[in-house]
Visitor: 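The structure that follows is given in the form of structure tokens.
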Amino acid sequence: MARLETVKINFDYPVTVGDNEVEFVTMRRQKVQDSIDAEVMASTKTGAEMEACLFSLTCGIPVEDLLTWDHVDYLKLQEKYVFLMTTSSEKIVHPSEEESSVSPAGQDGAEKK
């Protein structure tokens, strides 16, 4: 089973996105580039502003619209972001050095030449 790539966020009341009132948005998993882009977008470089910019990027919402939402709606974004970024269908395993498939030169059973 593949990991969850997107999550639908339903609102109790419609929110404004562009010129439309919407009842839900879709958030995708964050990429490394999103963090960099959010920092560049944020004029004050505060954590809260960078987070809003990150949600703007991962939901495809203009940050100006997102900043006008009720805080209750923003909390739904935060909740689903944590869910999306911590949900995986596969257990992450960090192999010890003994189990690693990469061995120091000459110790993988191959003869040195």
Side-chain angles (χ1 to χ4, degrees):
M1 182 176 191
R3 72 175 169 203
L4 192 60
E5 294 293 328
T6 62
V7 65
K8 181 179 176 181
I9 303 163
N10 294 302
F11 301 106
D12 297 329
Y13 300 96
V15 296
T16 302
V17 176
D19 293 331
N20 301 308
E21 294 290 312
V22 299
E23 296 178 0
F24 70 91
V25 296
T26 302
M27 179 182 280
R28 65 171 170 76
R29 289 180 70 84
Q30 176 187 345
K31 306 293 183 196
V32 174
Q33 188 65 49
D34 294 324
S35 296
I36 295 166
D37 293 345
E39 187 172 349
V40 170
M41 287 172 64
S43 58
T44 63
K45 308 295 186 225
T46 63
E49 187 180 13
M50 285 190 286
E51 181 184 74
C53 291
L54 179 65
F55 292 165
S56 167
L57 292 166
T58 58
C59 293
I61 300 168
V63 71
E64 297 80 15
D65 291 345
L66 195 149
L67 294 175
T68 66
W69 292 5
D70 288 341
H71 195 69
V72 171
D73 298 321
Y74 187 81
L75 291 173
K76 289 181 183 236
L77 294 181
Q78 289 177 321
E79 177 185 304
K80 293 296 185 173
Y81 173 79
V82 170
F83 172 77
L84 186 61
M85 297 307 291
T86 59
T87 303
S88 175
S89 62
E90 298 177 10
K91 183 178 176 183
I92 298 173
V93 177
H94 298 283
S96 66
E97 287 192 30
E98 300 86 53
E99 298 169 334
S100 177
S101 61
V102 179
S103 303
Q107 295 181 7
D108 61 357
E111 292 183 24
K112 293 182 183 177
K113 293 189 179 190

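Predicted, not measured: the structure shown is a model, and the values here were computed from it.
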Visitor: Just so I know, are the side chains of C53 and V63 near enough to count as touching, which here means a heavy-atom distance under 4.5 Å?
Guide: yes
Visitor: Distance from L66 atom CG to D73 atom CG, nearest 0.5 Å?
Guide: 9.5 Å
Visitor: I need the L75 CG to K80 NZ distance, nearest 0.5 Å.
Guide: 13.5 Å
Visitor: Do F24 and V7 belong together in a cluster built from hydrophobic side chains that touch within less than 4.5 Å?
Guide: no
Visitor: Is it the case that the side chains of T58 and Q30 hold a donor-acceptor pair, with the cut-off being a distance below 3.5 Å and no angle test?
Guide: no
Visitor: Kindly work out whether a path of hydrophobic side-chain contacts (I/L/V/M/F/W/Y, heavy atoms less than 4.5 Å apart) joins Y81 to L57.
Guide: no
Visitor: With heavy-atom distances below 4.5 Å as the criterion, would you say the side chains of T16 and E21 are in contact?
Guide: yes
Visitor: Side chains of I61 and W69: does their closest heavy-atom pair fall under 4.5 Å?
Guide: yes
Visitor: Are F11 and V25 close enough that some pair of their side-chain heavy atoms sits under 4.5 Å apart?
Guide: yes
Visitor: Grab the two heavy atoms, one from L67 and one from A52, that are nearest each other, plus how far apart they are.
Guide: CD2-CB, 4.0 Å
Visitor: For a salt bridge (Lys or Arg N to Asp or Glu O under 4.0 Å) check, start with the C-alpha distance between R28 and D34, then their side-chain angles and the critical distance, and finish with the verdict.
Guide: CA-CA 11 Å; R28 65 171 170 76; D34 294 324; 2.7 Å; yes
Visitor: Parallel, tilted or perpendicular: which describes the rings of Y74 and F55, with under 30° parallel and over 60° perpendicular?
Guide: tilted
Visitor: With a 4.5 Å cut-off on side-chain heavy atoms, are C59 and L77 touching?
Guide: yes
Visitor: Can you tell me how far the CD atom of E49 sits from the CG atom of L54, to the nearest 0.5 Å?
Guide: 12.5 Å
Visitor: Measuring from atom CD of E51 to atom OG1 of T46, what distance do you get when rounded to the nearest 0.5 angstrom?
Guide: 10.0 Å
Visitor: If every non-hydrogen atom of E64 is compared with every non-hydrogen atom of T68, which pair is closest and at what distance?
Guide: O-CG2, 3.4 Å
Visitor: Run the side-chain contact (heavy atoms from CB on, under 4.5 Å) test against E39 and tell me which residues pass, sequence neighbours left out.
Guide: K45, M50
Visitor: Find the distance between CE (M27) and NZ (K8) and round it off to the nearest 0.5 Å.
Guide: 15.0 Å
Visitor: Looking at every heavy atom in both V82 and T86, which two are closest together, and how far apart are they?
Guide: O-OG1, 2.7 Å
Visitor: For the residue pair T26 and I9, establish whether any side-chain heavy-atom pair is separated by less than 4.5 Å.
Guide: no
